[in-house]
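Scroll down for the structure; my scribbles are underneath it.
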Amino acid sequence: MSGERLDRALLAAGLARSRTHARRIVEEGRARIGGTPATKVSQQVPAGAELTVVDVPDGVEYASRAAHKLLHALEGSGVDPAGLRCLDAGASTGGFSDVLLRRGAATVVAVDIGHDQLADHVRADDRVIVMDGTSVRDLTPGVIGGEVDLVVADLSFISLRTVVAALAGAVREGGDLLLMVKPQFEVGREALPRTGVVTDPAAREEAVLGVAREAALAGLRPLAARTSALPGQDGNREYFLHLRRTGATCGLDAEAYDMIGDAVHGEDRSARSRGPRGAAGHQPPQHTQEDPRA
């Protein structure tokens with residue numbers, strides 16, 4: 001490994017699954033050369049130097065960076081997947097599934113439109129039901145073998161507004177959903193800057209509100225909203241919505257508007273910047289939202 005770049009050296013040593021994974025390890029500050037933290041993927045690794053990676057949960061790296069996002073969301077929401085039948089919508093390499101399994105989930109139905117993306121250690125777990133080549137739009141309890149207790153979702157290139165009704169139908173009454181809202185896929189192509197990063201807080205707030213409104217129409221009550229612990233692609237800010245299936249369709253109340261506004265703008269936002277019990281720039285409707293699907 002004489003003179004080899006750190007990312008290539010980590011891959012050659014079997015400490016990373018790919019150079020992308022190696023870069024993530026270095027960016028998270030978990031790579032060590034001879035016991036000393038290494039902070040640049042281009043750093044040269046001397047011949048014979050000992051390479052290590054620290055903070056590896058259970059001795060096996062999480063299936064993806066997204067795992068850390070769900071970990072934070074679970075801890076913040078108080079949702080415990082232990083013993084639950086779970087659905088991971090948009091499983092991809094299995095970061096969310098990995099977390100659910102390590103937290104004691106009884107079953108994880110891993111759904112993705114793609115094929116053969118799950119990390120080997122996730123796919124090999126006998127608690128995982130792999131449903132490759134399956135569209136989230138088509139989910140029903142019949143398709144996934146019955147209702148689940150908990151839904152988690154990390155979807156890209158699709159708006160959650162278009163699938164939240166299907167997700168609501170997959171969870172039992174009283175069950176929870178933790179959905180990651182990505183404003184870059186909610187604002188529409190016309191409103192998305194050329195950089196692909198949604199920097200306007202008002203646009204981010206409306207993105208989360210749009211998903212919450214559709215969720216309410218599908219019988220899901222918003223319990224909490226919070227910023228994801230890690231940014232998304234290209235530095236986009238993303239948000240988790242914690243929802244619970246009640247079965248009763250409704251519009252968003254003032255508390256939900258405030259909750260989402262605080263998540264986007266920060267809890268130290270002055271109360272004077274809000275309307276009466278409404279989020280900044282928004283007044284809660286006085287009637288049930290019209291269902292655009294009607």
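Residue numbers run from 1 in the order of the sequence given.
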Work out which heavy atom in [X] is nearest to a heavy atom in [Y]; give both atom names and the distance.
X	Y	answer
Ala202	His265	N-CE1, 4.4 Å
Val264	Pro201	CG1-O, 3.5 Å
Ala38	Val26	O-CG1, 3.8 Å
Ala212	Leu252	O-CD2, 3.6 Å
Cys86	Ala105	SG-CB, 3.9 Å
Ala166	Val136	CB-O, 3.6 Å

Please report the interatomic distance [atom1]([X]) to [atom2]([Y]), rounded to the nearest 0.5 Å.
X	Y	atom1	atom2	value
Met131	Asp138	CE	CG	10.0 Å
Glu27	Leu230	CD	CG	10.5 Å
Leu217	Cys250	CG	SG	8.0 Å
Arg226	Phe240	CZ	CZ	10.0 Å
Asp253	Met259	CG	CE	8.0 Å
Leu87	Leu167	CG	CG	6.5 Å

Legend entry - Arg237 CZ: over 12 foreign heavy atoms closer than 6.0 Å: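 Counting other residues, nucleotides and ligands, CZ of Arg237 stays at 12 neighbours or fewer.
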Inset, instruction - Might you confirm whether atom CZ of Arg65 has over 12 heavy atoms from other residues, nucleotides or ligands at distances under 6.0 Å? - result: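 Counting neighbours around CZ of Arg65, more than 12 heavy atoms of other residues, nucleotides or ligands fall under 6.0 Å, so yes.
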Name the atoms and distances for all side-chain donor-acceptor pairs under 3.5 Å in residues 113-121, with sequence neighbours left out.
residue: Gln117; atom: NE2; partner: Asp112; partner atom: OD1; Å: 3.1
residue: His121; atom: NE2; partner: Asp98; partner atom: OD2; Å: 2.8

I'd like to know if the side chain of [X] reaches the main chain of [Y], judged simply by a donor and an acceptor atom lying under 3.5 Å from each other, with no hydrogens or angles considered.
X	Y	answer
Thr246	Ala248	yes
Ser18	His21	yes
Arg204	Thr199	yes
Asp88	Ser97	yes

Legend entry - Ring-face cation of Arg102 near Tyr62 (centre distance under 6.0 Å, axis angle within 45°):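 Yes, Arg102 and Tyr62 form such a contact.
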Can you find a heavy atom in the side chain of [X] that is under 4.5 Å from one in the side chain of [Y]?
X	Y	result
Ile25	Glu61	yes
Arg5	Lys40	no
Ile158	Arg137	yes
Leu51	Arg32	no
Val143	Thr140	yes
Gln43	Glu4	no

Assigning hydrophobic clusters by single linkage (Ile, Leu, Val, Met, Phe, Trp, Tyr; side-chain heavy-atom cutoff under 4.5 Å), is [X] placed with [Y]?
X	Y	result
Ile33	Leu11	no
Leu6	Val53	yes
Val198	Tyr239	no
Phe185	Leu179	no

Legend entry - Step-by-step side chain to side chain contact (heavy atoms under 4.5 Å, CB included) determination, Asp125 to Val128: CA-CA 6 Å; Asp125 195 302; Val128 177; 3.9 Å; yes
Donor-acceptor pairs under 3.5 angstrom involving side-chain atoms of residues 66-76: please list them, not counting sequence neighbours.
residue: Lys69; atom: NZ; partner: Glu238; partner atom: OE1; Å: 3.0
residue: Glu75; atom: OE2; partner: Arg103; partner atom: NH2; Å: 3.1

Inset, instruction - Apply salt bridge (Lys or Arg N to Asp or Glu O under 4.0 Å) to Asp132 and list each qualifying residue two or more places apart in sequence or on a separate chain. - result: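 So Asp132 forms a salt bridge (Lys or Arg N to Asp or Glu O under 4.0 Å) with Arg123.
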Inset, instruction - Begin with the C-alpha distance, continue with both residues' side-chain angles, and end with the deciding distance and a verdict on side chain to side chain contact (heavy atoms under 4.5 Å, CB included) for Thr107 and Leu84. - result: CA-CA 7 Å; Thr107 304; Leu84 301 185; over 6 Å; no
Inset, instruction - Give the C-alpha distance, both sets of side-chain angles, the deciding distance and a yes or no for side chain to side chain contact (heavy atoms under 4.5 Å, CB included) between Glu50 and Thr52. - result: CA-CA 7 Å; Glu50 181 185 14; Thr52 55; 3.8 Å; yes
Legend entry - CA sep, side-chain torsions, deciding dist, call: Val109, Val130, side chain to side chain contact (heavy atoms under 4.5 Å, CB included): CA-CA 6 Å; Val109 184; Val130 180; over 6 Å; no
Distance-only donor-acceptor pairs under 3.5 Å for side chains of residues 218-225, two or more places apart:
none

Inset, instruction - May I ask you to decide whether Glu147 forms a salt bridge with Arg245, counting only side-chain N to carboxylate O separations under 4.0 Å? - result: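 Yes, Glu147 and Arg245 are salt-bridged.
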Legend entry - N-O pairing of Glu206 and Arg213 below 4.0 Å: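 Yes.
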Just list the side-chain donor-acceptor pairs under 3.5 Å for residues 170-177, sequence neighbours left out, or say none.
residue: Arg172; atom: NE; partner: Asp149; partner atom: OD1; Å: 2.7
residue: Asp176; atom: OD1; partner: His242; partner atom: NE2; Å: 3.4
residue: Asp176; atom: OD1; partner: Arg244; partner atom: NE; Å: 2.7
residue: Asp176; atom: OD1; partner: Arg244; partner atom: NH2; Å: 3.1
residue: Asp176; atom: OD2; partner: Arg244; partner atom: NH2; Å: 3.4

Legend entry - Option from Val108, Leu101, Val122 for which side chain to side chain contact (heavy atoms under 4.5 Å, CB included) with Arg127 holds: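 The side chain to side chain contact (heavy atoms under 4.5 Å, CB included) with Arg127 is passed solely by Leu101 among Val108, Leu101, Val122.
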Could you go through residues 186-197 and list every donor-acceptor pair under 3.5 Å that involves a side-chain atom there, pairing it with any protein atom two or more places apart or in another chain?
residue: Glu186; atom: OE1; partner: Ser159; partner atom: OG; Å: 2.5
residue: Glu186; atom: OE1; partner: Arg161; partner atom: NH1; Å: 2.9
residue: Glu186; atom: OE2; partner: Leu160; partner atom: N; Å: 2.8
residue: Thr195; atom: OG1; partner: Val197; partner atom: N; Å: 3.3

